[in-house]
Amino acid sequence: MGIVIGVLLAVGAVAVIAWPFFRRRSDVAKDDIAGGPGARPQGSQAELQRSRAEIFRLIRQLEADHGSGLVNEGDFRSQFDDLRREAARLMMEEAALSPMSDPAAELEREIAAARAGLTGRPVETGRKDA
Amino acid sequence: MRLILLSVLTGLLAAAFAACAKPEPTLEQRAQRMDKQIICPVCPGETLDQSSVQIAKDMRELIRERLAAEQSEDEIKQYFVDRYGTRILAEPPASGVSLAVWIIPPVVMLAGAAALYFVVREMRRRRQDQGIETAQASSDPTLKPYLEAVDEELRSGRTGSG
Amino acid sequence: MADLGTMAVLLGLGVALYAAVGSVAGKLTGATELVVSARRAAYVTVPVALAAAAALVTAFVTHDFTIRYVYAHSNLVMDREFIWVAFYAGNEGSLLYVAGVLAIMSAIAIRLGAGRLADTMPYTTAILMGILAFFFLVIAVWANPFAPLEFVADDGLGINPLLTHPGMWIHPPLLMAGLAAISVPFAYAAGALIAGRTRDEWVDAARVSGIIAWGILGTGVLIGAWWAYTILGWGGYWGWDPIENVALMPWLAMTAFIHSIMVQKRRGMFRMWNIVLLNVAFVLAQFGMFINRGGPVVSVHSFAASTLGQVFLGFMLLSLVFAFGVFFWRYQWLKSDRPVESFMSREVAFLVNNFLLLGITFVTLWGVVFPLITEFASDGTVTVATPYFNRVNGPLFLALLVLMGIGPVMAWRRASPRSLVRWLLWPAALAALAAAGMAIAGIREPLAIFAFSVLVFVALVILEEWFRSARARASAGDNWAIAWFKVVAGNRPRHGGYIVHLSILVLAFGVIGTQFFDQRADFVLPPGGSAVIDDYRLEYVGSEIEERSDRTARWANINVYRDEERIGALRPWYAFYPDFRQASVRAGIRSTPVEDLYVVPSEFLEDGRLVVRVSINPLAWWLWIAGPIFLVGTIVAVWPQPVLEVRPAPASAIRSPVVRSPAESTPRANPVRG
């Protein structure tokens with residue numbers, strides 16, 4: 001009984017492990033990238049965007065620290081400026097990487113941007129020196 | 001205002017510790033202190049204070065008898081050391097080979113503190129060399145449009161954490 | 001079932017080895033199928049390990065005494081609910097448990113890393129699977145729980161009576177899981193180093209998995225303390241026993257790591273240092289496995305003497321060489337580009353925190369190995385026990401507590417002395433007031449008063465920061481409770497950390513109370529007799545006896561009076577297990593937030609008298625309150641922050657300069673996201 005289960009287990013294990021060798025290479029590669037639930041977009045551009053999001057998070061935390069008085073005005077200004085510059089630098093790197101943009105899509109985006117400007121979300125930021 | 005507060009604070013602390021002058025410990029308090037310094041011979045790692053076996057109980061009684069007979073704590077300890085060897089002491093004596101167990105930790109801590117100090121000082125020195133580079137980077141004109149984009153994004157509030 | 005178990009262990013060994021070798025080979029040769037196949041192999045180790053575990057549990061439940069391990073750790077009469085825990089009552093089963101936990105954690109770690117850390121995961125997989133293969137190897141060769149018994153037995157030897165306690169369900173599993181889990185952040189970091197991705201991609205994964213491992217280990221240690229308090233019968237909860245120490249040391253090193261990693265996350269600094277801390281924690285965890293499973297140290301925990309010492313020592317040394325080998329190989333890539341700006345900064349506060357934590361770790365390690373060294377070096381052995389650790393580590397812990405109050409209000413980069421005074425003055429003043437109050441109230445231990453007032457100080461600083469941050473939010477219109485929740489949610493790692501700090505304060509409150517103010521006394525009571533300790537009077541009513549096939553258990557019925565008013569009854573328990581020639585006790589505890597009255601029967605004499613040891617443990621109640629707070633804080637700290645969406649960079653700004661100049665196009669060309 002035990003031996004039967006053991007053999008089944010072994011056969012199953014080998015089957016699962018060997019499966020990728022019996023598939024087309026492209027399918028395997030697709031699987032490889034979509035390997036995890038956290039599989040966020042790959043590539044250095046996405047990486048740069050994530051880094052920028054992190055910087056934005058730091059800016060929000062800095063603003064909170066400034067609000068509570070943990071960081072004084074002068075330090076807040078200088079640290080805020082450093083972070084802002086870092087974000088801009090990341091954005092510049094990202095832009096340098098992006099492929100030549102398609103004019104039609106560019107137009108679409110510009111329209112969308114204009115529309116967003118019209119509906120006008122309320123401006124809200126903790127920054128004092130806007 | 002702050003100065004007053006500070007001086008009141010120091011005064012309070014001083015008063016607190018002055019008031020803490022310990023009264024002479026009672027015989028039982030001394031005995032309980034000794035219980036914690038002697039290891040039970042049959043249960044490894046436990047002090048007399050921790051052990052509930054018979055021999056530990058007998059040894060506790062012995063300590064109380066001898067203290068009552070006005071023997072000093074050192075004499076009682078010596079009695080146990082003569083019978084069971086140094087290992088009966090929960091703390092190694094600060095002499096001979098086991099001096100090392102006391103010397104090494106402070107030496108290592110001091111060395112560590114010194115290392116920490118010099119490393120941080122070294123890291124600070126590097127800052128002066130770098131200051132110039134950052135100053136150059138900040139005046140980079142190509143960054144300007146992106147700075148504005150960042151400001152725009154910050155203002156939009158979309159990236160806020162709520 | 002023994003056949004299935006043995007087959008599963010061998011299969012696990014083979015699969016783990018394949019996963020380790022395959023993922024590196026696949027990565028180096030660029031063979032995607034091989035990498036994917038190796039990853040699937042890593043997942044396969046989970047059902048394989050579970051099958052082995054199930055086989056062992058089945059053997060226990062069916063009392064299969066043809067298996068030596070089952071024979072040695074269970075018998076027909078033992079309580080049914082402990083048959084399950086007999087699984088890890090000895091070395092062989094414990095190792096199988098560790099293998100199972102490691103397989104599950106590795107699978108989760110590999111799955112979660114597959115997206116973002118795709119480049120480095122093959123190496124991480126290889127490290128985790130290498131460790132797992134080691135455990136399967138040990139089980140297969142040196143400690144097979146499925147090895148047959150050489151003779152025919154009708155009944156087993158039974159389980160060590162000290163292990164039949166509810167704590168057994170949680171403490172050893174958590175401790176072993178915690179030690180195993182430290183492999184995960186280590187594997188993330190080492191994998192990233194080997195792959196040459198020495199920037200900060202691994203930081204988040206290692207931080208979160210590090211905190212989880214740290215939380216599991218910490219909870220395990222706390223539950224162990226609770227267990228010791230209720231069953232080992234000495235009124236203590238922590239004995240600086242080697243087995244306790246080897247669990248504490250990796251925990252301390254991980255504590256240093258999860259603090260220091262915040263500096264890397266926030267400021268991109270201390271890259272090398274964080275790797276060193278992880279390496280130290282990982283090697284100490286292997287040291288813990290060595291002492292736990294190999295056991296050269298005589299210890300109250302030495303239920304499980306074994307001959308595995310050399311194997312685990314070898315693996316520990318291999319871990320040491322591997323961890324630091326990789327570190328020095330990639331050393332020059334780890335330079336951080338940001339300098340420390342001031343001694344008065346949060347960065348340096350974190351460094352001092354690391355320094356103190358590692359100092360305590362070192363002292364503890366030194367106290368564990370020193371008796372071993374002297375045993376080799378000279379004839380006489382020495383004991384390094386509780387008083388030594390208290391004396392040397394005590395001041396370091398106190399310094400750490402003080403730092404816990406100052407560090408959080410140090411600003412990043414540089415803190416101005418003025419702002420520090422502004423933040424710390426009121427907490428310090430109130431703490432001094434509390435000290436004066438305690439002195440007036442008649443507490444006569446200056447050190448205890450100082451320590452208590454440090455707790456007040458730190459708690460007030462935390463509350464102050466919460467108050468000020470919430471006030472800044474509340475002024476925007478939220479009510480205070482919501483404002484506070486938003487503050488915590490806005491920076492979970494930090495505020496979760498503060499909640500953990502509070503739990504440490506609560507724990508320290510209990511530790512200081514029990515360390516400085518405990519009282520003990522021995523009594524011999526005839527039935528109807530009374531004992532007086534402090535303002536309690538204990539009346540021994542009599543005893544009850546229960547004969548079981550494996551033990552003789554006796555309860556002492558004791559009435560507790562205070563000011564001649566009956567305030568409760570205690571039923572401490574004493575059982576003798578003839579087969580083990582061992583007694584097991586369960587203390588009678590009357591617990592209040594002020595103090596515990598703690599009664600341990602040490603003997604029932606022939607003439608009916610009861611020998612009893614009574615302790616008063618002030619504030620011991622708080623020790624156990626710390627646990628849930630600790631867990632809450634840990635969970636808050638690792639709870640994922642929402643992912644921030646950013647707009648893609650304006651591509652046209654650079655690439656189509658002909659259309660328009662960057663300056664005018666950029667602000668407008670921001671595409672809008674959903």
Side-chain angles (χ1 to χ4, degrees), chain A residues 2-3 5-7 9-10 12-13 16-21 23 25 28-29 31-33 35-40 42 45 47-49 52-54 56-58 60-61 64-65 67-72 75 79 90-96 98-101 106 109-110 112-116, chain C residues 1-5 7-8 11 15 18 32-37 39-41 43-44 47-48 51 55 111-116 118 266 409 411-414 416 419 422-423 465 468-469 471-473 487 490-491 641 643-646 648-656 668-672:
Chain A
I3 292 183
I5 301 178
V7 169
L9 191 69
V16 171
I17 295 168
W19 178 243
F21 296 108
R23 301 182 65 200
R25 196 157 211 182
V28 172
D31 268 12
D32 189 41
I33 288 166
R40 288 175 275 181
Q42 285 294 302
Q45 231 168 320
E47 198 65 48
L48 286 167
Q49 282 180 15
R52 184 147 53 90
E54 276 307 304
F56 281 133
R57 196 194 295 284
L58 291 183
R60 293 302 174 204
Q61 289 173 2
D65 283 355
S68 74
L70 199 64
V71 176
N72 66 32
D75 287 347
Q79 295 186 22
L90 288 167
M91 202 188 266
M92 185 161 84
E93 267 181 51
E94 189 191 330
S98 66
M100 194 72 82
S101 48
E106 179 73 11
R109 262 185 281 166
E110 217 153 291
R115 203 171 280 150
Chain C
M1 279 300 125
D3 301 326
L4 171 61
M7 286 175 78
L11 184 63
V15 171
Y18 170 77
T32 317
E33 314 89 90
L34 190 52
V35 172
V36 174
S37 159
R39 191 168 67 217
R40 295 171 73 106
Y43 297 150
V44 165
V48 170
R111 181 105 182 110
L112 292 182
R116 180 161 185 196
R266 171 101 182 210
V409 296
W412 290 101
R413 300 169 63 170
R414 80 192 88 78
S416 76
S419 130
R422 194 165 76 90
W423 276 85
E465 182 166 348
R468 292 199 193 203
S469 310
R471 187 179 57 186
R473 290 227 172 219
V487 165
N491 195 343
Q641 305 247 25
V643 179
L644 294 182
E645 289 286 314
V646 295
S652 58
I654 295 292
R655 287 300 170 128
S656 42
R668 283 187 292 129
N670 283 324
V672 172

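Everything numeric here is computed off the predicted structure, so don't read it as measured data. FYI, side chains are in, hydrogens and waters are out, and symmetry mates aren't considered; it's all heavy atoms of this structure. Chain identifiers are assigned alphabetically (A, B, ...) following the order of the sequence lines, protein sequences preceding nucleic acid strands; residue numbering begins at 1 within each chain.
Contact of the A/Arg23 side chain with the C/Glu33 side chain is not registered, since no non-hydrogen atoms from C-beta on lie closer than 4.5 Å. In this structure, the side chains of A/Phe21 and C/Ser37 come closer than 4.5 Å at one or more pairs of heavy atoms. At least one side-chain heavy atom of A/Ile17 sits less than 4.5 Å from a side-chain heavy atom of C/Val44. Side-chain atoms of C/Trp423 and A/Leu70, non-hydrogen and from C-beta on, do get closer than 4.5 Å to each other. Side-chain contact between C/Met7 and A/Val7: present, with at least one pair of heavy atoms (C-beta onward) separated by less than 4.5 Å.
The backbone N or O of A/Gly69 lies less than 3.5 Å from a partner atom in the side chain of C/Arg422, making a donor-acceptor pair.
In this structure, the separation between CG on C/Asp3 and CD1 on A/Ile3 is 4.0 Å, given to the nearest 0.5 Å. Expressed to the nearest 0.5 Å, how far CG of A/Asp65 lies from CG of C/Asn491 amounts to 7.5 Å.
The residue among C/Ala411, C/Ala41, C/Ser419 with the most heavy atom pairs within less than 4.5 Å of chain A is C/Ala41. Highest contact tally toward chain C, considering only A/Asn72, A/Val71, A/Leu9, is held by A/Leu9 [criterion: heavy-atom pairs under 4.5 Å].
When every heavy atom of A/Ser68 is checked against every heavy atom of C/Ser469, the shortest pair comes out as CB-OG, 3.4 Å.
With a 4.5 Å cut-off on non-hydrogen atoms, C/Arg471 does not touch chain A at all. Using a 4.5 Å cut-off between heavy atoms, A/Glu54 touches chain C through its side chain atoms alone.
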